[in-house]
Amino acid sequence: MYKVITSDTFKEIFSPLTFNINEVLASTIPDKTIGDKIRRLRFSLRLTQLQFAKSINRGFGTITKWEQNLTIPNHYTLSKIICIYNLPSNHFNITW
C-alpha cells in the first residue's frame, strides 16, 4: 500500500503515470471503412466532431454521418483531409 506523505501533491504522485485516453480509444476503433478511418484520425488528433468539421469547412452533422457510415465524403473532401492533416495519399485506401 502506498503511503501519501503530507509533502506529496497529487501531481507529484500521479505525474509519472501517462495515460492518453484518445490513444487508447483510437487504437480500439476498427479501420475497415472510410467512416472508421475518419473517426480514428479524429480521435488521434484529439478533436471533437465539431472541431474536425470546422477544420475542413464541413458541418457537425456531416462528420457524424460519415463516422456512422451513413454517407461518405467525396474525393475532393478526402483530398482536402489528406492535405490538411499531412496524411499519406493512400490513407483512405481509395484508388484515385
Side-chain angles (χ1 to χ4, degrees):
M1 184 166 189
Y2 184 79
K3 183 178 179 181
V4 178
I5 301 171
T6 57
S7 65
D8 289 341
T9 65
F10 183 83
K11 186 176 181 180
E12 290 169 337
I13 296 168
F14 292 102
S15 63
L17 302 174
T18 56
F19 179 74
N20 183 346
I21 189 70
N22 286 347
E23 290 175 8
V24 173
L25 290 174
S27 68
T28 64
I29 297 170
D31 62 350
K32 294 179 181 179
T33 66
I34 292 174
D36 293 339
K37 290 177 187 208
I38 290 171
R39 181 182 300 123
R40 180 176 257 195
L41 171 66
R42 185 176 60 77
F43 271 74
S44 68
L45 294 169
R46 300 178 183 178
L47 297 174
T48 65
Q49 285 181 328
L50 182 59
Q51 291 169 326
F52 185 75
K54 286 182 178 182
S55 75
I56 61 169
N57 296 320
R58 295 292 182 269
F60 167 79
T62 301
I63 307 305
T64 302
K65 288 178 184 176
W66 291 347
E67 290 185 1
Q68 293 176 354
N69 297 305
L70 300 175
T71 61
I72 59 170
N74 60 32
H75 289 289
Y76 171 77
T77 303
L78 291 174
S79 297
K80 188 174 183 178
I81 294 169
I82 288 169
C83 182
I84 289 171
Y85 292 107
N86 197 26
L87 303 172
S89 59
N90 64 347
H91 181 77
F92 294 106
N93 296 330
I94 295 176
T95 307
W96 301 100

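We count residues from 1, following the sequence as given.
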Inset, instruction - Starting from the C-alpha separation in whole Å, work towards a yes-or-no answer on side chain to side chain contact (heavy atoms under 4.5 Å, CB included) for Ile38 and Phe92. - result: CA-CA 9 Å; Ile38 290 171; Phe92 294 106; 3.7 Å; yes
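With sequence neighbours left out, the side chain to side chain donor-acceptor pair (under 3.5 Å) criterion links Thr77 to Arg58, Asn74. Residues forming a side chain to side chain donor-acceptor pair (under 3.5 Å) with Ser55 (at least two apart in sequence, or on another chain): Tyr85. Every side-chain contact (heavy atoms from CB on, under 4.5 Å) that Lys54 has, sequence neighbours left out, goes to Leu50.
The NZ atom of Lys65 sits 11.5 Å away from atom CZ of Phe60, with the distance rounded to the nearest 0.5 Å. Interatomic distance, Ile81 CD1 to Tyr76 OH, rounded to the nearest 0.5 Å: 11.0 Å. Atom CG of residue Leu41 and atom CG of residue Leu47 lie 8.0 Å apart, to the nearest 0.5 angstrom. Atom CZ of Arg39 sits about 7.5 Å away from atom CD of Gln68, to the nearest 0.5 Å. Taking CG of Asn69 as the start and NZ of Lys32 as the end, the distance is 11.5 Å to the nearest 0.5 Å. Here the CZ-CD distance, from Arg46 to Gln51, works out to 12.0 Å after rounding to the nearest 0.5 Å.
Minimum heavy-atom separation, Ile82 to Ser89: CD1-O, 3.7 Å.
There is a path of hydrophobic side-chain contacts, each under 4.5 Å, that joins Ile84 to Ile34. Linking Ile, Leu, Val, Met, Phe, Trp and Tyr whenever their side-chain heavy atoms come within less than 4.5 Å puts Leu87 and Trp66 in one cluster.
Other residues, nucleotides and ligands contribute more than 12 heavy atoms inside 6.0 Å of the NZ atom of Lys80. No more than 12 heavy-atom neighbours from other residues, nucleotides or ligands sit within 6.0 angstrom of CD1 on Ile72.
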